[in-house]
Participant: 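The structure that follows is given in the form of C-alpha cells.
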Amino acid sequence: IWLGYTAGKLHVAFRCSQDPGTILDALPEDNTVETVERDGKAYVSLGKPLPYLSHVDSVGIAYPHHTVALVTAAGGIFDATSHGRGYATVDGRTAAAVARVDDGWTAEMTITLGDTAFLSKATGSVEGINFIRVRGRRRSAWVPATPRWWSVHPRTSGVAFFNRPEDPQ
C-alpha cells in the first residue's frame, strides 16, 4: 500500500498479489444496490449484501468522517459516507484505475477531499484510517475489528503520518 496527500487529494495505491486465474472481477447479474430515499438523499440499504463487498475482489480505504471508498478488480467504484441510516453514496469524489500484473492486480485511487478537515495541523497525521481488502467473501483490514469486518470508527482505526511541507524529506 502506498499513501500520499497533496492539495486536498488523498492518493492510495495497492498491489494485490494472487494467482491471476483466481481474480474475481465480474459482478453477479444481480449486482444492484438497493437504496432508500430519506431527507432528499439516497442511502444504501444495509438489509442486502453489497456486491462490492461480497462477490468480487476489491480494495479500499476507510477514512475520517466514516467514509469508505472501494475499487474492484474490474474498476468499479463504491464511494460512500456512513450515517446512522446507512451509507450515502457520493458520485465523482473518487477516481480509480486498475491493471492486471503477472502476480495479481493493482489499483490506484485518488479521492478529492476538498476542505474536509483531514490532516492534523499539529502532527501532520490523520487518525481513523484503515485499508481494506476483499477477496470474494473474505475480508481483511490493516486494523481488524469484529470477525470478517473492519473498523471505520476513528477511535478504533489506525493513524497515518505524512511529511508536512516544512519537514525535511
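Basis for what follows: all heavy atoms, side chains included, without hydrogens, waters or symmetry-related copies.
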Participant: Does anything in residues 10-20 form a salt bridge (Lys or Arg N to Asp or Glu O under 4.0 Å)? List the pairs, not counting sequence neighbours.
Facilitator: Arg15-Asp103
Participant: Are the side chains of Thr6 and His11 in touch, meaning some heavy atoms are under 4.5 Å apart?
Facilitator: yes
Participant: Identify, with sequence neighbours excluded, every residue that meets ring pair (Phe, Tyr, Trp, His ring centres under 6.0 Å) alongside Trp105.
Facilitator: none
Participant: Does some side-chain heavy atom of Ile111 sit less than 4.5 Å from a side-chain heavy atom of Lys9?
Facilitator: no
Participant: Step by step, work out the side-chain contact (heavy atoms from CB on, under 4.5 Å) result for Val71 and Ser58.
Facilitator: CA-CA 5 Å; Val71 61; Ser58 59; over 6 Å; no
Participant: The test is side-chain contact (heavy atoms from CB on, under 4.5 Å); show your working for Leu24 and Thr22 and say whether it passes.
Facilitator: CA-CA 6 Å; Leu24 300 174; Thr22 67; over 6 Å; no
Participant: For Ala74, give me all partners under side-chain contact (heavy atoms from CB on, under 4.5 Å), at least two apart in sequence or on another chain.
Facilitator: Asp25, Thr72
Participant: Quick check: closest heavy atoms across Gly104 and Pro20, and the distance to 0.1 Å?
Facilitator: N-CG, 4.0 Å
Participant: To check you understand the geometry: which heavy-atom pair defines the closest contact between Ala107 and Val98, and what is its length?
Facilitator: CB-CG1, 3.9 Å
Participant: For Leu3, check side-chain contact (heavy atoms from CB on, under 4.5 Å) against everything at least two apart and list the hits.
Facilitator: Leu10, Val12, Ile61, Ile129, Phe131, Ala160, Phe162
Participant: Would a 4.5 Å heavy-atom cut-off, applied to side chains only, mark Leu70 and Ile132 as touching?
Facilitator: yes
Participant: Not counting sequence neighbours, which residues clear side chain to side chain donor-acceptor pair (under 3.5 Å) with Ser17? List them please.
Facilitator: none
Participant: Are Ile1 and Met109 connected into the same hydrophobic cluster when the rule is that any two of I, L, V, M, F, W, Y join if their side-chain heavy atoms are below 4.5 Å apart?
Facilitator: yes
Participant: Residues in side-chain contact (heavy atoms from CB on, under 4.5 Å) with Ala95, at least two apart?
Facilitator: none
Participant: Considering residues at least two apart in sequence or located in another chain, which fulfil the salt bridge (charged side-chain N to carboxylate O under 4.0 Å, His left out) criterion with Arg93?
Facilitator: Asp79
